[in-house]
Amino acid sequence: MAGNATRFEGGCLCGRLRYRLERVKSAYWCHCTMCRRASGSAALPWVSVAREDVTFVSGTPAVFESSPGVARRFCGNCGSPIVFDMARESDVDVTIGTLDDPDRVPPTHHIWVSSALHMARDLGAGLPHYDGERPSDG
């Protein structure tokens with residue numbers, strides 16, 4: 001892996017939004033209904049990073065409040081979903097598919113499998129599954 005192993009860059013489909021991440025904490029598949037609808041996919045892979053470790057280096061994302069205290073940031077031009085931001089959390093989540101090199105951070109588990117579609121059962125086969133949020137490691 002060339003360059004800084006803790007730095008990641010990515011952007012939207014049209015290229016108007018570019019971002020940089022520092023120190024990715026975890027990566028996972030989300031099967032919740034809201035993520036499926038926001039992405040148009042059967043499940044959505046995310047990386048979690050501390051809020052202060054996300055920097056938009058070009059462009060400004062559009063924002064949609066999908067529920068109270070939850071902002072979804074996306075490209076207002078091409079529609080690419082980029083960030084899931086729950087105000088009460090210190091971390092935000094960024095879509096793995098928008099990273100320049102998504103294979104650097106493969107998901108390690110699945111969440112909200114209680115909402116999973118049958119067609120998504122084999123995604124990330126062999127990884128732990130949780131009916132809701134991942135239990136705390138603490």
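Excluded from the calculations below are hydrogen atoms, water molecules and symmetry mates; all remaining heavy atoms, backbone and side chain alike, are included.
For the atom pair Cys35 SG and Trp46 CH2, the distance stands at 5.0 Å (nearest 0.5 Å). To the nearest 0.5 Å, the span separating CZ on Arg23 from CZ on Arg7 amounts to 9.0 Å. Rounding to the nearest 0.5 Å places CD1 of Ile111 at 4.0 Å from SG of Cys30. The distance from the CZ atom of Arg73 to the OG1 atom of Thr95 is 13.5 Å, given to the nearest 0.5 Å. Note that CZ of Phe56 is 12.5 Å distant from CZ of Arg20, once rounded to the nearest 0.5 Å. Put simply, OG on Ser39 and CZ on Phe74 are 13.5 Å apart, with the number rounded to the nearest 0.5 Å.
When all heavy atoms are compared, the tightest approach of Ala27 to Pro106 is CB-O, 3.7 Å. Contact record, Ser115 with Arg36: O-NH1, 2.6 Å, taken as the closest heavy-atom pair. Across His31 and Ala42, no two heavy atoms sit closer than the pair ND1-O, 4.2 Å. Taking every heavy atom of both residues into account, Pro45 and Pro107 meet most closely at CB-CG, 4.1 Å. Of all heavy-atom pairs spanning Gly11 and Tyr19, the tightest one is N-CE2, 3.5 Å. Between Cys78 and Cys14, the shortest heavy-atom distance links the atoms SG-N, 3.5 Å.
Both cation-pi conditions hold for Arg104 and Phe8: the charged atom is under 6.0 angstrom from the six-membered ring centre and inside a 45 degree cone around its axis.
Counting only heavy atoms from C-beta outward, the side chains of Ile82 and Pro61 never approach each other to under 4.5 Å. Side-chain contact between Ser66 and Met86 is absent, with no heavy atoms from C-beta onward closer than 4.5 Å. The closest side-chain heavy-atom distance from Glu52 to Glu22 is not below 4.5 Å. For the pair Lys25 and Val49, the minimum side-chain heavy-atom distance is 4.5 Å or more. Side-chain contact check for Val47 versus Asp93: every heavy-atom pair is 4.5 Å or farther apart. Side-chain contact between Val24 and Val105 is present, with heavy atoms from C-beta onward closer than 4.5 Å. When side chains are defined from C-beta on, Phe64 does not count as touching Val70, because their heavy atoms never get closer than 4.5 Å.
Aromatic ring orientation, Trp29 versus His110: parallel (interplanar angle below 30°, classes split at 30° and 60°).
Every side-chain contact (heavy atoms from CB on, under 4.5 Å) that Arg51 has, sequence neighbours left out, goes to Asp85, Val92.
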*Decide salt bridge (charged side-chain N to carboxylate O under 4.0 Å, His left out) for Asp100 and Arg18; before the verdict, give the C-alpha distance in whole Å, the side-chain angles of both, and the deciding distance to 0.1 Å.*
CA-CA 10 Å; Asp100 290 344; Arg18 294 289 302 161; 2.7 Å; yes

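In terms of modelled atom types and a separation under 3.5 Å, the side chain of Thr55 and the main chain of Val57 share no donor-acceptor contact.
In the hydrophobic clustering, where aliphatic and aromatic side chains (Ile, Leu, Val, Met, Phe, Trp, Tyr) are joined below 4.5 Å either directly or transitively, Leu13 stands alone.
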